[in-house]
Structure formats: C-alpha cells, structure tokens
S.K.: 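Below you'll find the structure I mean.
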2 protein chains.
Amino acid sequence: MARAREAKRHSYDEEDALPDGAPPSISAADVGPLADMVGYALRRAQLAVFDRVIKEFAALDLRPAQFSTLALLKHRPGLKQSEAAAALGIQRANFVALFDLLEARGLAERRPYARDRRSHALHLTPAGERLVARAQEIEAAHERKLEQILGSDGRAQLLVLLRQLAERL
Amino acid sequence: MARAREAKRHSYDEEDALPDGAPPSISAADVGPLADMVGYALRRAQLAVFDRVIKEFAALDLRPAQFSTLALLKHRPGLKQSEAAAALGIQRANFVALFDLLEARGLAERRPYARDRRSHALHLTPAGERLVARAQEIEAAHERKLEQILGSDGRAQLLVLLRQLAERL
DNA sequence: TATTGTTATACTCTATAACTATA
DNA sequence: TATAGTTATAGAGTATAACAATA
C-alpha cells in the first residue's frame with residue numbers, strides 16, 4: 001500500500017456516516033448528472049442486456065458476434081467475407097479469426113466466389129442452420145422478456161430511437 | 001497501397017457538420033432480423049455515440065471512463081475507492097490503474113479515510129474541477145446534438161427506457 | 001495501382017485469483 | 001475471518017500496418 005501516500009494533511013470525510021450493518025442505501029448507485037447522459041445510459045443498458053444474452057447463449061457456446069454472423073448468413077447467404085464484416089461493423093482483419101472458429105466448428109464455410117478469385121462466399125452448413133434456428137428461438141424469448149420490462153410500445157420506440165442514433169450520428 | 005487507405009480513413013473529422021435535414025445515408029447494410037434485436041441495436045448505437053464522444057473528449061485527453069470518474073467525484077466527493085468503482089460498474093481491480101492515471105495527471109487524489117485506514121477517500125484537485133467543468137460543457141453540447149436527432153421528447157424517452165433496462169434486467 | 005483475405009501486433013476493457021494491511 | 005486496495009494475468013474486442021494473390 002505504498003501508492004499515493006503523500007502525507008496529505010486533510011482527511012475530511014465526515015459526510016456519509018455509513019453505520020455498520022446498514023443496508024446499502026440508494027446513494028450507492030447515485031451517479032448524479034451521469035444518469036442524464038445518453039452515452040452513459042447506453043453503456044449501462046448495453047452491458048446489462050449483453051450480460052443476459054451471453055448467459056442465455058452460453059448453452060450453445062455462442063458469443064454475440066458469432067450469433068450475429070450466423071444470423072446474417074442465414075438472411076444473406078453467399079455474402080463475400082468483406083461484405084459480411086462491413087455489414088456487422090467488424091474490421092475485416094478481425095473477422096478472419098471469428099469466421100475461422102465458426103468454420104472449425106462446422107457451422108459455416110468459405111466457398112469459392114465465382115466472379116472474383118480473391119473473394120470467398122460465406123455460407124452456413126446444415127449444422128449452422130440448425131444452431132442459428134435454436135439461437136433465434138432463445139433470442140425471441142429474450143425479446144419477449146424485454147417487452148415485459150419496457151412494454152410493447154416501449155420496446156418498439158426504443159428500437160426506433162437506437163436506429164436513429166446509429167444511422168444519423 | 002496502405003497509404004491512400006489510411007489518409008482516406010482519417011480524413012473525416014468534421015465536428016459541427018451535420019445540417020439538420022441532410023441525411024448522411026451511410027451503408028444501408030441489410031442485416032435482416034438483427035435490426036429488430038434490442039441487443040444489436042443497443043450495441044450499434046452505443047458504438048456510434050461513443051465514437052463521437054471519444055472524438056469530442058480527445059482534445060482534453062479524456063476517455064469516457066475517466067470522465068465518468070471525474071464527474072462522479074464532483075457529484076460525490078470523498079467517496080471510497082470501492083464505492084466509486086461499484087457506482088460506475090467497474091471492477092475495483094480495474095479501477096486502480098484508471099485512478100492512478102488521473103492522480104498522475106494531477107486531476108484527482110487519494111486522501112486518508114478517517115474511520116478506516118484500509119480505505120481511501122477520493123477527491124478532485126482544483127485542476128480536476130476545472131477539467132471536468134470543461135468536459136461537462138462539451139458533454140452538454142453533445143446532448144443538445146442528440147436532442148436535434150431524437151427530438152427533446154425522444155431523448156427523454158430514450159433515457160427512461162435505457163434506465164429501465166439497466167435497472168430491471 | 002487497388003482490393004481481398006490474411007497475419008502480426010498493440011492497445012483497451014474486462015474478469016479472476018491472490019497478496020497486504022488493515023478491520 | 002472478512003474487507004479495501006493492489007498486483008498480476010488472461011481473455012475478449014478493436015484498430016492499424018503490411019504482404020501475397022488477384023483484379
């Protein structure tokens with residue numbers, strides 16, 4: 001404990017009297033003006049939702065980015081590798097290892113791309129199709145859970161607002 | 001080769017651009033069902049907002065987590081280190097290096113905590129007070145920009161929905 | 001000369017275990 | 001024993017540069 005030991009002479013901290021054994025009061029989560037910042041609220045909400053999603057996908061051994069990749073290829077089979085990465089907002093360099101893992105697990109594959117021998121056409125395997133179907137069921141149940149919290153209108157309105165942020169910023 | 005690409009990438013640094021009616025209309029990447037997932041929309045929106053915030057704070061050499069720490073200490077001076085970390089949702093182990101940096105820059109400091117010699121009371125320095133005031137002005141301008149995109153009601157409604165997600169999930 | 005997939009690398013954030021000094 | 005701060009470390013995620021094959 002030899003860190004910031006600079007012999008500061010003042011030690012005024014008689015503000016919060018924390019009696020021993022007292023339950024953690026509301027003040028523990030009081031972040032003041034931060035609570036009114038969109039960026040801060042966005043980060044906290046995203047972490048909460050992702051924590052939940054990661055746990056729900058754990059049984060399938062699927063990370064969010066892996067699920068997104070499979071779901072994208074189900075929707076648009078035959079995408080070029082660079083197109084898939086761009087659509088998901090992932091650098092193409094980082095997409096390589098991500099897709100390598102999906103391919104090693106037999107969930108997706110690279111096929112030759114007819115018109116350009118530099119490119120690969122990405123496709124799900126039958127096993128990939130089955131896994132993404134199961135994952136999307138889990139996902140749908142998760143969305144229903146969110147609807148219980150936000151209300152049906154609230155969830156729909158949230159999606160509109162979030163898309164506006166992502167697209168118009 | 002890589003030089004042209006690099007110059008192209010770093011070239012968009014416009015801050016106050018974005019006229020109200022002009023739709024940037026970036027890549028209309030069709031991600032199918034992903035677009036209707038709260039988790040996916042949350043991630044894309046958070047990345048967009050943070051990209052912007054990071055650029056706007058760059059002049060102050062402040063990362064979002066550093067700003068949050070300073071803003072929290074302005075609101076609740078004398079917080080114990082573990083309390084500050086918990087309020088921000090940061091592991092106490094990871095908070096150490098974060099606060100070390102703020103202290104090394106003379107923006108905040110650890111003071112002895114009267115009733116428990118294991119703890120530190122965290123405070124802003126005068127320089128920290130000045131910096132966080134400037135950062136909060138930048139932040140306020142950013143919120144006004146978001147309000148132009150979402151509408152005043154939209155921004156307020158977004159905050160309500162995001163807090164519900166973070167607290168009730 | 002430019003682009004696609006790739007490798008290598010580095011940096012940030014996050015998560016966990018274990019140590020120390022206090023309680 | 002338990003807790004606060006700390007250290008060390010490992011794992012994701014992300015960003016950039018460079019290279020070979022191909023356009």
S.K.: Would you please name every residue forming a side chain to side chain donor-acceptor pair (under 3.5 Å) with B:Gln91, sequence neighbours left out?
M.R.: none
S.K.: Would you mind reading off the distance between A:Arg44 atom CZ and C:dC13 atom C1', rounded to a whole angstrom?
M.R.: 14 Å
S.K.: Hey, mind stepping through B:Leu131 and B:Leu124 against side chain to side chain contact (heavy atoms under 4.5 Å, CB included) and telling me if it holds?
M.R.: CA-CA 10 Å; B:Leu131 190 72; B:Leu124 296 183; over 6 Å; no
S.K.: Of the nucleotides C:dT6, C:dT4, D:dT6, which has the atom closest to the B:Arg92 side chain?
M.R.: D:dT6
S.K.: Can you run down the side chain to side chain donor-acceptor pair (under 3.5 Å) pairs that involve residues 35-49 of chain A, sequence neighbours left out, and say none if there aren't any?
M.R.: A:Asp36-B:Arg163, A:Tyr40-A:Arg44
S.K.: Tell me, with the steps shown, if A:Leu158 and B:Leu162 meet side chain to side chain contact (heavy atoms under 4.5 Å, CB included).
M.R.: CA-CA 8 Å; A:Leu158 177 61; B:Leu162 292 175; 4.1 Å; yes
S.K.: Would you mind reading off the distance between A:Leu122 atom CG and C:dT4 atom C1', rounded to a whole angstrom?
M.R.: 12 Å
S.K.: Report the distance from atom CD of A:Gln46 to atom P of C:dT14, rounded to the nearest whole Å.
M.R.: 10 Å
S.K.: Does a nitrogen or oxygen in the side chain of A:Ser82 sit under 4.0 Å from OP1 or OP2 of C:dT3?
M.R.: no
S.K.: Report the distance from atom CZ of B:Phe67 to atom C1' of C:dC13, rounded to the nearest whole Å.
M.R.: 19 Å
S.K.: Between A:Lys80 and A:Asn94, just flag the one whose closest nucleotide in DNA chain C comes earlier from the 5' side.
M.R.: A:Lys80
S.K.: Can you work out whether B:Ala93 or B:Ala65 has the more 5'-proximal nearest nucleotide on DNA chain C?
M.R.: B:Ala65
S.K.: Under 4.0 Å, counting only non-hydrogen atoms across every strand here, what does B:Gln91 touch: a base, just sugar-phosphate, or nothing?
M.R.: base
S.K.: If we ignore angles and hydrogens, is there a donor and acceptor under 3.5 Å between the side chains of B:Arg115 and B:Tyr113?
M.R.: yes
S.K.: Tell me: CG of B:Leu88 to P of C:dC13, nearest whole Å?
M.R.: 13 Å
S.K.: Walk me through whether B:Ile149 and B:Arg155 qualify under side chain to side chain contact (heavy atoms under 4.5 Å, CB included).
M.R.: CA-CA 9 Å; B:Ile149 294 173; B:Arg155 178 179 167 279; over 6 Å; no
S.K.: Expressed as a whole number of angstroms, how long is the span from A:Phe95:CZ to C:dT4:C1'?
M.R.: 13 Å
S.K.: List the steps and the verdict of side chain to side chain contact (heavy atoms under 4.5 Å, CB included) for B:Val38 and B:Leu165.
M.R.: CA-CA 10 Å; B:Val38 169; B:Leu165 280 186; 4.1 Å; yes
S.K.: What are the residues of residues 110-121 of chain A, sorted by number, that bring a heavy atom to within less than 4.0 Å of DNA chain C?
M.R.: A:Arg110, A:Arg118, A:Ser119, A:His120
S.K.: Write down the distance between CG (B:Leu98) and C1' (D:dT7), rounded to a whole number of angstrom.
M.R.: 16 Å
S.K.: Without decimals, in angstroms, what is the distance between A:Ile90 CD1 and C:dT6 P?
M.R.: 14 Å
